[in-house]
Amino acid sequence: MKKISPCLCRLLFAMVALYPVGTALCACFGYRFRLNSALVFSAATALLALIVVLFCEVSVEHSVDAVLMAILLPMSLLSALFYIIADKSVVAVVGAIVTAVFCLILTIENGKPFALKVVALVLSALLALPVGLFGFFTIVVGNFGENTVVTTVESPDGKYYAEVIDSDQGALGGDTLVDVYEAEKCNAILFTIEKKPQRVYFGEWGEFRDMEIYWKDDRCLVINSVDYEIK
């Protein structure tokens with residue numbers, strides 16, 4: 001296992017970093033990054049972390065591998081925070097937290113240089129508080145808010161589509177939202193990259209039941225007799 005363990009460690013780091021790094025890079029250029037199945041990806045990452053910890057003799061002969069192991073823990077906690085905030089799936093959150101526990105072992109045992117490992121552990125301690133609090137709340141309470149797409153309306157030229165969303169926030173109430181997306185997107189099996197949607201309408205909860213919505217032309221969406229031009 002000595003020969004393949006560095007490859008598995010690099011793969012683990014790539015899987016842990018994919019969600020936060022992908023989201024940050026796409027946001028810089030006006031795009032949205034989302035995992036096609038957060039639950040499956042989170043479970044697969046946790047399984048890989050378990051395999052590396054239990055069955056691999058981790059070799060950090062190369063300085064790059066040692067650095068990756070040093071920053072693996074804070075990156076895993078940051079990833080867990082993304083699962084908690086963006087996905088709110090209990091199983092996905094549990095998988096991300098389990099991954100972080102395994103990454104703690106790998107960072108302590110294999111992270112180098114020592115100074116970087118200390119900084120990474122301090123940063124991890126700061127990240128652990130919000131991850132623990134919000135993670136506990138998500139696991140115990142579940143999804144306290146849920147967005148459901150109730151209607152999808154495609155533009156005449158097929159380049160855009162509008163989604164009418166019922167945003168149910170439980171005891172906090174809710175909203176009716178209308179987001180417009182570009183139909184063209186990049187699907188890379190594990191994740192999808194698309195232009196950030198334009199939120200053209202924000203209304204009261206339950207409005208979607210009587211909402212009149214249609215496309216006047218390729219760039220003009222009509223909601224309850226009001227025109228909304230798509231930029």
Steps toward side-chain contact (heavy atoms from CB on, under 4.5 Å) verdict (L177, F202)
CA-CA 5 Å; L177 314 171; F202 191 101; 3.3 Å; yes

Could you walk me through whether I97 and Y83 satisfy the side-chain contact (heavy atoms from CB on, under 4.5 Å) test, starting with their C-alpha distance in whole Å, then the side-chain angles of each, then the deciding distance to 0.1 Å, before giving a yes or no?
CA-CA 10 Å; I97 293 176; Y83 279 104; over 6 Å; no

Decide side-chain contact (heavy atoms from CB on, under 4.5 Å) for L190 and L35; before the verdict, give the C-alpha distance in whole Å, the side-chain angles of both, and the deciding distance to 0.1 Å.
CA-CA 6 Å; L190 294 177; L35 295 172; 5.6 Å; no

Under the side-chain contact (heavy atoms from CB on, under 4.5 Å) rule, what do S76 and L73 come out as? Steps first, then yes or no, please.
CA-CA 5 Å; S76 68; L73 176 59; 3.9 Å; yes

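There is no path of hydrophobic side-chain contacts, each under 4.5 Å, that joins W215 to Y181. The cluster map of Ile, Leu, Val, Met, Phe, Trp and Tyr, joined by side-chain heavy atoms under 4.5 Å apart, puts F102 and V91 in different clusters. Linking Ile, Leu, Val, Met, Phe, Trp and Tyr residues whenever their side-chain heavy atoms come within less than 4.5 Å places F191 and L11 in a single cluster.
Between the side chains of Y160 and Q198, no donor N or O sits under 3.5 Å from an acceptor N or O. Looking at D218 and S155, their side chains never bring a donor and an acceptor atom within 3.5 Å of each other.
Side-chain contact check for L72 versus N110: every heavy-atom pair is 4.5 Å or farther apart. Considering only heavy atoms from C-beta on, C9 comes within 4.5 Å of V52 through its side chain. Between I71 and F13 the shortest side-chain heavy-atom distance falls below 4.5 Å. Side chains of Y19 and F41 form no contact here, defined as non-hydrogen atoms less than 4.5 Å apart. The side-chain heavy atoms of T151 and M211, taken from C-beta on, include no pair separated by under 4.5 Å.
In this structure, the separation between CG on L106 and CG on L68 is 11.5 Å, given to the nearest 0.5 Å. One distance of note links CG of D166 with OG1 of T148; it measures 5.5 Å at 0.5 Å rounding. To the nearest 0.5 Å, atom NZ of residue K196 and atom CZ of residue R32 are 10.0 Å apart. Put simply, OG1 on T107 and CG on L121 are 7.0 Å apart, with the number rounded to the nearest 0.5 Å. Annotation: the span from L123 atom CG to M75 atom CE amounts to 9.5 Å, rounded to 0.5 Å. To the nearest 0.5 Å, atom CD1 of residue I51 and atom CG of residue L47 are 4.0 Å apart.
Nearest heavy atom pair, residue A100 against residue L77, reads CB-CD2, 3.8 Å. Scanning both residues, G158 and A183, for their nearest heavy atoms gives O-CB, 3.3 Å. Looking at every heavy atom in both residues, L8 comes nearest to L48 through CD2-CD1, 4.1 Å. Scanning both residues, S42 and A92, for their nearest heavy atoms gives OG-O, 2.6 Å.
Judged by distance alone, with hydrogens and angles left aside, the side-chain atoms of T45 form no donor-acceptor pair with the main-chain N or O of V16 at under 3.5 Å. Judged purely by atom type and a 3.5 angstrom limit, D179 has no side-chain atom pairing as donor or acceptor with the backbone of E163. In this structure, S167 contributes its side chain and T176 its backbone to no donor-acceptor pair below 3.5 Å. Of the possible polar contacts, one joining the K117 side chain to the I108 backbone as a donor-acceptor pair under 3.5 Å is found.
Heavy-atom neighbours of K185 NZ from other residues, nucleotides or ligands within 6.0 Å: above the threshold of 12.
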Output a table of donor-acceptor pairs, distance under 3.5 Å, between side-chain atoms of residues 219-231 and any protein atom two or more places apart or on a different chain; print 'none' if there are none.
{"from": "R219", "atom 1": "NH1", "to": "D157", "atom 2": "OD2", "distance (Å)": "3.0"}
{"from": "N224", "atom 1": "OD1", "to": "E212", "atom 2": "N", "distance (Å)": "2.9"}
{"from": "D227", "atom 1": "OD2", "to": "K216", "atom 2": "NZ", "distance (Å)": "3.1"}

Contacts under 3.5 angstrom, residues 125-136 side chains, donor-acceptor by atom type, not counting sequence neighbours:
none

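Other cluster members for V119: none, since no ILVMFWY side-chain heavy atom sits under 4.5 Å from it.
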